[in-house]
Amino acid sequence: AGTGYNIGYATAGEWLEYTVNVAKAGKYDLTIRAACNGDGRTLSVSAKDVVVAKDVAIPNTTGWQTWSDVVVKDITLDAGIQVIRITIGSSDYVNLNYMTFAAQSQPTPTISLKAGWNLIGYPFEGSSDIATALSSIWTNILTVKDLTSFYDKSQPAAFNSLTKMNWG
């Protein structure tokens, strides 16, 4: 109803496979749009023949076209082309409309400091401006140095040669 095609009346043990290209390995939140008119419905999800979500409960939506989004958090996926399999649990009749995977955002790390100089790394891919990269300790920053450049809070911005943190 309103969102195109759907798989209807899928029975116990029935499965569907989708070939996907996961851009980046990591944790994802899976949203499955499902409908059923009954209790006790489940499904499982596997990636590369490994179960990544087992017996996901599908709520009784009280209608075959009454849809509900079921969110499964923390699904770990490897990067690259792989097959995702959805398998209907032990009770018949589940309708499926779509599924989406959303990459979980990386939490901003906090850094504990000791008195004096602290050696810290930047463990994220790519780069970020220095204030964002060090946001959890920014109020304590006086000077930041790498092998070739520096940042000194007391200097005018034009005098600082270190403006971005890079991976590594």
Side-chain angles (χ1 to χ4, degrees), residues 1-112 120-139 141 162-168:
T3 59
Y5 297 102
N6 65 265
I7 304 297
Y9 301 100
T11 58
E14 192 171 350
W15 51 265
L16 305 118
E17 287 185 337
Y18 301 91
T19 301
V20 299
N21 187 3
V22 178
K24 184 176 179 182
K27 292 206 179 255
Y28 290 81
D29 292 339
L30 167 63
T31 300
I32 299 169
R33 190 165 191 252
C36 71
N37 193 4
D39 296 320
R41 297 340 195 265
T42 62
L43 57 79
S44 294
V45 181
S46 61
K48 294 170 69 174
D49 294 324
V50 175
V51 175
V52 294
K54 184 171 177 60
D55 296 327
V56 175
I58 304 300
N60 181 351
T61 63
T62 68
W64 300 112
Q65 293 294 302
T66 304
W67 299 98
S68 178
D69 285 345
V70 177
V71 178
V72 183
K73 295 196 171 291
D74 298 328
I75 292 196
T76 301
L77 297 175
D78 294 333
I81 295 174
Q82 55 198 284
V83 174
I84 303 291
R85 178 183 277 202
I86 305 292
T87 304
I88 305 303
S90 61
S91 294
D92 286 340
Y93 307 130
V94 173
N95 286 4
L96 301 173
N97 186 236
Y98 63 76
M99 67 178 173
T100 59
F101 288 90
Q104 291 183 344
S105 61
Q106 292 290 331
T108 303
T110 56
I111 301 169
S112 298
I120 59 173
Y122 181 73
F124 299 104
E125 285 187 36
S127 65
S128 178
D129 69 88
I130 195 165
T132 301
L134 302 175
S135 62
S136 69
I137 59 171
W138 191 246
T139 58
I141 294 289
L162 180 61
T163 58
K164 290 204 174 285
M165 299 294 288
N166 297 304
W167 180 85

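Reckoned from all heavy atoms, side chains included, excluding hydrogens, waters and symmetry mates.
Side-chain contact check for S44 versus D55: some heavy-atom pair is nearer than 4.5 Å. Within the 4.5 Å cutoff, side-chain heavy atoms of I81 are placed close to those of T19. Counting heavy atoms from C-beta on, the side chains of T87 and L43 never come closer than 4.5 Å. N95 places a side-chain heavy atom less than 4.5 Å from the side chain of W67. Residues K54 and V45 fail the side-chain proximity criterion, which asks for heavy atoms closer than 4.5 Å. Two residues are said to be in side-chain contact when any heavy atoms from C-beta on lie closer than 4.5 Å; V70 and P59 meet this criterion.
No side-chain donor-acceptor contact under 3.5 Å links D92 to the backbone of Y9. A donor-acceptor pair under 3.5 Å is absent between the side-chain atoms of R85 and the main chain of A47, judged by distance alone. Panel note: side chain T76, backbone G26; no donor-acceptor pair is recorded below 3.5 Å. Judged by distance alone, the side chain of N6 and the main-chain N or O of N97 form no donor-acceptor pair under 3.5 Å. Under the 3.5 Å distance criterion, the side-chain polar atoms of D78 are left unmatched by any main-chain donor or acceptor of A25. Between the side chain of E17 and the backbone N or O of W15, no donor-acceptor pair lies under 3.5 Å. For T61 (side chain) and T66 (main-chain N/O), a donor-acceptor pair under 3.5 Å exists by modelled atom type.
Across every non-hydrogen atom of S91 and R41, the tightest pair is CB-CD, 3.7 Å. Across A57 and T42, no two heavy atoms sit closer than the pair CA-CG2, 4.3 Å.
To the nearest 0.5 Å, atom OH of residue Y93 and atom CH2 of residue W64 are 8.0 Å apart.
Annotation for F101: atom CZ counts as buried by contact number, over 12 foreign heavy atoms lying within 6.0 Å.
Each of V20, L30, V22 was evaluated against L77; a single residue qualifies, V22, per the side-chain contact (heavy atoms from CB on, under 4.5 Å) test.
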Mind running side-chain hydrogen bond (donor to acceptor under 3.5 Å, both in side chains) on N21 and Q82 for me, showing each step along the way?
-> CA-CA 6 Å; N21 187 3; Q82 55 198 284; over 6 Å; no
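Residues satisfying the salt bridge (Lys or Arg N to Asp or Glu O under 4.0 Å) criterion with D29, sequence neighbours excluded, are K73.
Annotation: ring-ring contact (aromatic ring centres under 6.0 Å, His included) contacts involving residues 24-62, sequence neighbours excluded, are absent.
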